[in-house]
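Before any comments, here is the structure.
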Amino acid sequence: MNFVANKSELKVVGTRPVRPDGIDKVTGKAMFGADLTMAGTLTGKVLRSPHAHARIVAIDASKALALPGVKAVITAADFPEISSEEAAAGDGAVNFRHMAHNVLARDKVLYEGHAVAAVAATSQAIADAAAALIEITYEVLPFVIDVEAAMADGAPLLHDDIKYNGKPSNITKRVEFKLGDADAGLAEADVVVEGRYETTAVHQGYIEPHAVIASVNPDGQTQIFASSQGQFMIRQYVSKILAMDIANIRVTPAEIGGGFGGKTLVYLEPLAVALSRKAGKPVKMVMNREEVFRATGPTSGGVMTVKIGAKKDGTITGATIDIALQAGAFPGSPVAPACMCAFACYDLKNVRASGFDVVSNRSKIAAYRAPGAPISAFGVESAMDDLATKLGMDPIALREKNAAKAGTKAAYGPVFPEIGFEQVLEAAKSHPHWSAPLGPNQGRGVATGFWFNIGGDSSASVFVNEDGTISVVSGSPDIGGSRASMAMMAAEVLGVPYEKVRPIVGDTAQIGITGMTGGSRVTFATGMATVQAAEKVVDELKKRAAMIWDISPEAVDWKDGEAVPAGANAGGFDPMPLAAIAAKAGKTGGPIGSEVSINAQGAGAGFGAHICDVEVDPETGFVKVLRYTAVQDVGRAIHPSYVEGQIQGGAVQGIGWALNEEYLYDKNGRMDNAGFLDYRVPVASDLPMIEAVVVEVPNKRHPFGVRGVGEVPIIPPLAAVGNAIKAAIGVRMHSLPMSPPKILAAIDGKA
Amino acid sequence: MSKIHVTTTVNGEPAEFLCEPQESLLDVLRDKLQLTGSKEGCGSGDCGACSITLDGRLVCSCLVLGVEAEGKTIGTIEGLANGDELHPLQRKFLEHAALQCGFCTPGLLVATKALLDANPNPTETEARFWLAGNLCRCTGYDKIIRAVMDAAAEMRGEHA
Amino acid sequence: MPRLSYAAPASVPDAIKLLAGAEGLAKVLSGGTDLLVQLRSGRTRPELIVDTKKIPGIIGIRETEDGFVIGAATSGAEIGENAALVAAYPGVVEGTNLIGSTQVQGRASLAGNLCNASPAADSVPALIAAGAVAVVVGPNGQRNVPVGQIVIAPGRTSLAKGEFILEFHLPKPKAKQSDAYLRFIPRTEMDIAVVGCGVNLTLDANGVITAACIVLGAVAPTQVVVEAAAKAIIGTKLDDAALAALDAAARAACNPITDKRGTIEFRTKIAGVLARRAAKIAYDRAGAR
């Protein structure tokens with residue numbers, strides 16, 4: 001399908017219908033991961049390490065196995081030892097050996113909360129008691145939590161096989177992206193700003209803890225029902241970790257209670273399968289909130305130094321960022337995207353971004369919304385604010401002066417096609433918020449953000465039912481309304497009302513391979529597959545009409561859900577509605593339907609600019625967010641309400657990251673705030689309305705112009721809030737979270 | 001000690017179950033009465049996903065023992081709609097796209113219903129503070145608050 | 001498997017008998033918002049839970065000639081809905097209503113908040129400042145204990161085995177007497193107090209403070225009654241000099257720890273700020289009487 005340039009031609013895309021799965025979700029009927037139980041289901045429980053770093057000397061499960069009601073205990077000995085193998089996964093890469101060792105520790109525990117054994121029993125109480133009876137003998141080892149300490153000479157080493165510069169190290173790799181000569185560029189500058197910035201690990205904070213139920217039959221056929229961002233991901237990872245045939249594994253995606261990147265990995269699934277295999281019964285496992293915090297991935301914290309130089313007129317002559325990110329216990333921080341996104345908003349001739357990936361005794365990090373990008377943007381966008389101050393320029397004007405546009409070569413490689421950053425800046429500048437008056441102790445900040453948006457493997461099928469209604473199956477778990485957007489795009493192509501199209505998310509046996517829901521790819525990539533499948537159906541419908549009319553298929557057009565003769569020459573037939581063609585399908589060649597599997601290319605980059613007003617209590621350091629406006633180019637909004645919702649939700653996660661969220665560790669290397677009481681995500685009363693301003697600069701490589709929306713909005717808030725605080729108190733906050741004690745210390749330090 | 005027999009009323013219907021003393025009412029609702037609309041997000045009263053009413057009072061069912069339900073009247077998300085007619089709050093949540101993943105939604109709806117029962121005309125600030133114990137990580141609360149205010153207006157008859 | 005028993009006695013003697021007769025640990029259940037969290041995490045492993053809510057009078061608020069009687073298991077929500085109590089003791093009510101979410105308010109009780117024995121308990125500073133008395137019942141009969149004498153250390157109370165709190169007595173406020181409670185938290189809701197401060201003031205007809213009680217929470221192992229802070233403002237109209245002296249006295253009374261919720265320096269400084277702000281609110285309220 002060709003790109004639809006004229007929005008007014010669209011009848012369904014751009015409207016705001018009720019989502020098809022909505023009623024299930026407001027009535028409590030929707031089945032999430034923990035809601036399903038099969039006959040004879042056992043309850044699984046994980047025994048986790050109390051130590052940050054220790055060698056496993058011995059495991060004795062005999063007492064646990066002797067407890068009545070205990071049906072199976074597994075340890076790493078029940079898992080095959082697999083070789084190191086990297087595979088592409090979503091935004092990054094995974095190593096299956098590391099993943100297996102994260103799911104169940106082998107030889108060493110590498111963080112507090114690391115799974116060491118698992119038990120299946122006839123009740124939760126028995127499983128809990130049994131887990132406590134498993135005796136583990138540990139040899140406790142020195143540990144290291146912080147990224148710079150982990151990089152230092154003499155730091156406790158987590159892995160024998162990781163070397164950097166030929167020496168054993170916790171540094172797993174260094175990445176570098178450059179364009180021109182950054183140092184020479186900085187030397188040309190009239191004004192240079194430089195700063196060191198720190199961020200802490202923050203958790204995705206989805207409200208639904210990880211949950212799975214697995215059932216293995218004696219012939220090896222396995223059913224898994226789980227909450228995740230990808231049923232095919234689970235199938236592949238379980239197959240790798242447990243050396244099973246993929247065809248024997250069928251994964252049904254449960255409704256997912258939030259993921260934000262944190263459900264792009266397996267934790268419980270291989271354990272539940274291994275326990276079910278051993279016990280011969282279905283096994284259900286549900287994490288508690290404490291386990292979610294201690295054992296699943298937050299995103300990295302890190303440290304960085306940012307340097308930007310500019311001419312007096314604001315033209316940036318050179319910029320660098322050097323960053324080190326925590327990967328957690330196994331390699332794989334988002335240091336590469338952090339570097340790639342760092343300066344991607346700007347058209348720079350001389351830029352260098354480099355970074356280290358560093359392991360330490362923390363839970364393995366997982367993706368979190370635009371992985372890496374918010375971290376580097378905190379440094380870069382804070383520095384841009386300081387640069388504007390130093391130059392005496394309006395901070396939006398400084399960004400406009402250097403904005404990336406069509407033809408800009410990004411430091412990470414590509415030359416941008418048409419992008420919407422200038423339009424985003426214009427919308428921010430002309431928004432009434434930017435010029436609204438401020439009161440005492442109040443400040444306003446602006447910051448921007450870039451995310452690639454991605455495509456990749458997606459499958460969708462479109463079926464015409466006997467009565468002319470439409471069924472759509474896609475392979476993408478619906479986290480935030482994607483069923484609605486798939487149905488809308490199919491309805492648009494087929495020319496039928498939205499309500500006549502009913503979408504489902506297929507299990508791994510019902511639809512072709514589809515990558516995970518993440519990276520802002522579903523509406524673009526799975527949407528493209530849906531559109532192509534719908535187009536094939538239209539072609540077939542035209543053929544069938546032609547057959548009934550006994551004319552050539554080329555002589556049939558498809559308009560508003562009906563076959564019509566292409567012109568006077570084609571004959572004088574009345575339009576034939578889809579339902580009429582469907583009713584005759586049995587006589588014209590059989591059922592009508594199409595499945596399309598693609599590797600979607602041509603994702604369009606997304607840019608955003610956020611404006612934040614805060615008021616700081618000068619006596620306590622308390623920050624109140626007064627007003628927040630988030631501008632973003634989304635390409636084109638299929639369902640504007642859910643697009644706005646993504647922007648608002650991402651912005652608020654960013655506000656939480658900026659102000660109060662952090663992983664705290666005690667002196668024994670144990671997480672000190674593993675609960676929603678002390679891991680402080682924003683609550684309703686913390687926030688004002690979040691105004692989402694949707695800019696539409698269409699991506700011409702998607703039929704409806706989609707770019708993607710979910711990642712960008714979490715990138716600007718960290719610096720937008722920091723810049724607002726700077727404006728309010730006159731002090732630059734270099735370290736996240738910008739919590740009251742730090743702000744009060746900064747205010748007092750100034751005085 | 002053997003399990004305790006509890007007789008109670010759930011969404012207007014009599015219900016009984018056997019439970020251990022330490023079992024939470026949330027576990028009873030989900031595992032014994034198959035009312036899985038109430039969710040467990042934290043088990044410590046910090047997220048509100050398990051919100052129910054107990055004798056008309058909004059509570060976290062994870063912070064109530066199953067045995068305490070004896071003789072009480074319980075309201076859950078499954079009882080919010082009137083048969084096949086959605087409650088105005090449910091309709092407004094859908095119209096305003098006030099849910100993304102939908103996991104916190106049952107608790108938010110139960111909590112909001114209790115708000116409007118107590119205060120049919122809340123200010124935005126009152127609604128935000130009442131709902132502070134219901135965490136939502138997807139929406140940033142904006143559309144939830146809009147849906148609540150709109151539903152409240154409709155229920156006051158201001159849309160006529 | 002350890003076994004837990006549950007009982008819901010319908011009278012004070014039955015409850016005392018159960019609590020006193022338990023061989024192992026017995027816990028009183030009122031609102032349960034702390035107890036259930038501790039049960040689940042394994043921090044407490046009682047053999048018996050005695051649910052006191054079926055005891056007549058343990059839930060509810062009565063206004064008497066001497067003041068108010070608040071049943072020990074009365075929920076925060078009910079306390080907040082009692083107009084007479086709100087008018088008489090706005091500080092006690094606002095402290096109580098800050099405990100947890102709306103959902104927690106539906107259950108959390110004054111006795112539970114007090115007997116959980118956290119230095120950060122939000123209802124306690126204003127109760128102490130108000131001169132509230134806990135009526136404790138037990139195997140040796142009934143005794144009236146000032147609220148400030150119930151908590152003796154973090155997690156520990158002065159209640160003996162078999163004893164529990166039946167109700168609280170709040171004296172009738174004098175003319176021109178009122179109170180206030182403020183706490184500091186990093187968010188607007190749902191946090192444990194980093195510092196809390198309850199202030200109860202009485203004024204004369206000219207607006208001069210004749211009596212004062214300032215109580216700090218979360219700055220020491222138990223709540224602190226800051227007598228020097230009271231002295232600093234008695235005899236004043238809460239002018240700037242008095243406020244400065246109050247701030248200094250409050251800070252001087254702090255003996256906090258650094259933990260995940262705040263540092264020593266931060267808590268100390270905030271204690272002074274809150275004392276000033278709460279005193280101003282209580283002063284205005286008392287003056288308006």
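Quantities reported herein were computed from a predicted structural model and do not represent experimental measurements. Side chains are part of it too, since the values below use all heavy atoms of this structure and drop only hydrogens, waters and symmetry mates. Proteins get letters first, then strands, A, B, ... in listed order; numbering begins at 1 in each.
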Exercise. Chain A heavy atoms under 4.5 Å from B/L135: which part of the residue, side chain, backbone, both or neither?
Worked result: both
Problem set entry | Nearest-0.5 Å distance, CD1 of residue A/I479 to CZ of residue B/F103 | 13.5 Å
Exercise. Which answer fits B/E124, side chain, backbone, both or neither, if we ask what part of it has an atom under 4.5 Å from a heavy atom of chain A?
Worked result: side chain
Exercise. Considering residues, nucleotides and ligands other than A/K624, do more than 12 of their heavy atoms fall under 6.0 Å from its NZ?
Worked result: no
For this session: With a 4.5 Å cut-off on heavy-atom pairs, point out which of B/A132, B/P106, B/G37 contacts chain A the most.
Result: B/A132
For this session: Quick one: closest heavy-atom pair of B/Y141 and A/P682, and the distance?
Result: OH-O, 2.8 Å
Exercise. Can you name the nearest heavy-atom pair linking A/F32 to B/C101, along with the distance?
Worked result: CZ-O, 3.5 Å
Exercise. Between B/S44 and chain A, which part of the residue has a heavy atom less than 4.5 Å away: side chain, backbone, both or neither?
Worked result: neither
Exercise. With chain B, which of A/A484, A/P209, A/G258 has the greatest number of heavy-atom pairs at distances under 4.5 Å?
Worked result: A/P209
For this session: Pick one of side chain, backbone, both or neither for A/A692, based on which atoms fall under 4.5 Å of a heavy atom in chain B.
Result: neither
Problem set entry | Which of A/N288, A/D478, A/V681, A/I655 touches chain B most, by non-hydrogen pairs under 4.5 Å | A/V681
Problem set entry | Interface moiety of A/E644 toward chain B, non-hydrogen atoms closer than 4.5 Å | both
Exercise. Can you tell me how far CD1 of A/I690 sits from OG1 of B/T139, rounded to the nearest 0.5 angstrom?
Worked result: 10.0 Å
Problem set entry | Salt-bridge contact B/R128-A/D686 (side-chain N to carboxylate O under 4.0 Å) | no
Exercise. Would a distance-only check, ignoring hydrogens and angles, find a side-chain to backbone donor-acceptor pair under 3.5 Å from A/R289 to B/E40?
Worked result: no
Exercise. Any residues in residues 76-84 of chain B near chain A, with a heavy-atom distance under 4.5 Å, and which are they?
Worked result: B/I77, B/E78
Problem set entry | Under 4.5 Å from any heavy atom of chain A - which part of B/F93 | side chain
For this session: Go through the steps to decide whether B/C138 and A/F260 satisfy the test side-chain contact (heavy atoms from CB on, under 4.5 Å), and finish with yes or no.
Result: CA-CA 9 Å; B/C138 292; A/F260 315 110; 3.6 Å; yes
Exercise. Which one of A/G259, A/G22, A/A651 has the most heavy-atom pairs closer than 4.5 Å to chain B?
Worked result: A/G22
For this session: Indicate the atoms forming the closest heavy-atom contact of A/S641 with B/K143, along with that distance.
Result: O-CE, 3.1 Å
Problem set entry | Heavy-atom proximity to chain B below 4.5 Å, by part of A/I256 | backbone
Exercise. Which heavy atom in A/V652 sits nearest to a heavy atom in B/G140, and how many Å separate them?
Worked result: CG2-CA, 3.5 Å
Problem set entry | Portion of B/R91 that has a non-hydrogen atom of chain A nearer than 4.5 angstrom | neither
Exercise. When rounded to the nearest 0.5 angstrom, what distance separates CD in A/Q124 from CD in B/E20?
Worked result: 13.0 Å
Problem set entry | Part of B/L99 lying under 4.5 Å from any heavy atom of chain A | both
Exercise. Which bit of A/P688 comes within less than 4.5 Å of chain B, counting heavy atoms only: side chain, backbone, both or neither?
Worked result: backbone
For this session: Write down the atom of B/R137, the atom of A/Q204, and the distance for their closest heavy-atom approach.
Result: NE-O, 2.8 Å
Seminar exercise, completed: In short, B/C47 meets A/F676 closest at the heavy-atom pair CB-CD1, 4.1 Å
For this session: Carefully, step by step, assess B/L86 and A/T27 under the rule side-chain contact (heavy atoms from CB on, under 4.5 Å).
Result: CA-CA 8 Å; B/L86 294 182; A/T27 55; 3.9 Å; yes
For this session: Counting only heavy atoms closer than 4.5 Å, note whether A/I647 contacts chain B via side chain, backbone, both or neither.
Result: neither
For this session: Would you mind checking which part of A/V26 comes under 4.5 Å of any heavy atom in chain B, side chain (CB onward), backbone (N, CA, C, O), both or neither?
Result: both
For this session: Select, from A/Q653, A/Q648, A/K25, the one with the greatest count of heavy-atom pairs under 4.5 Å involving chain B.
Result: A/Q648
Problem set entry | chain B contacts, top residue of A/M31, A/K29, A/Q646 (heavy-atom pairs, under 4.5 Å) | A/Q646
For this session: Check the pair A/D35, B/K39 against side-chain contact (heavy atoms from CB on, under 4.5 Å), reporting the backbone distance first and the verdict last.
Result: CA-CA 9 Å; A/D35 296 340; B/K39 306 298 180 192; 2.4 Å; yes
Exercise. When only pairs under 4.5 Å are counted, which of A/G480, A/A34, A/G205 shares the most heavy-atom pairs with chain B?
Worked result: A/G205
Problem set entry | Segment of A/A30 engaging chain B (4.5 angstrom heavy-atom cut-off) | backbone
Exercise. At a heavy-atom separation under 4.5 Å, does A/E255 approach chain B through its side chain, its backbone, both, or neither?
Worked result: neither
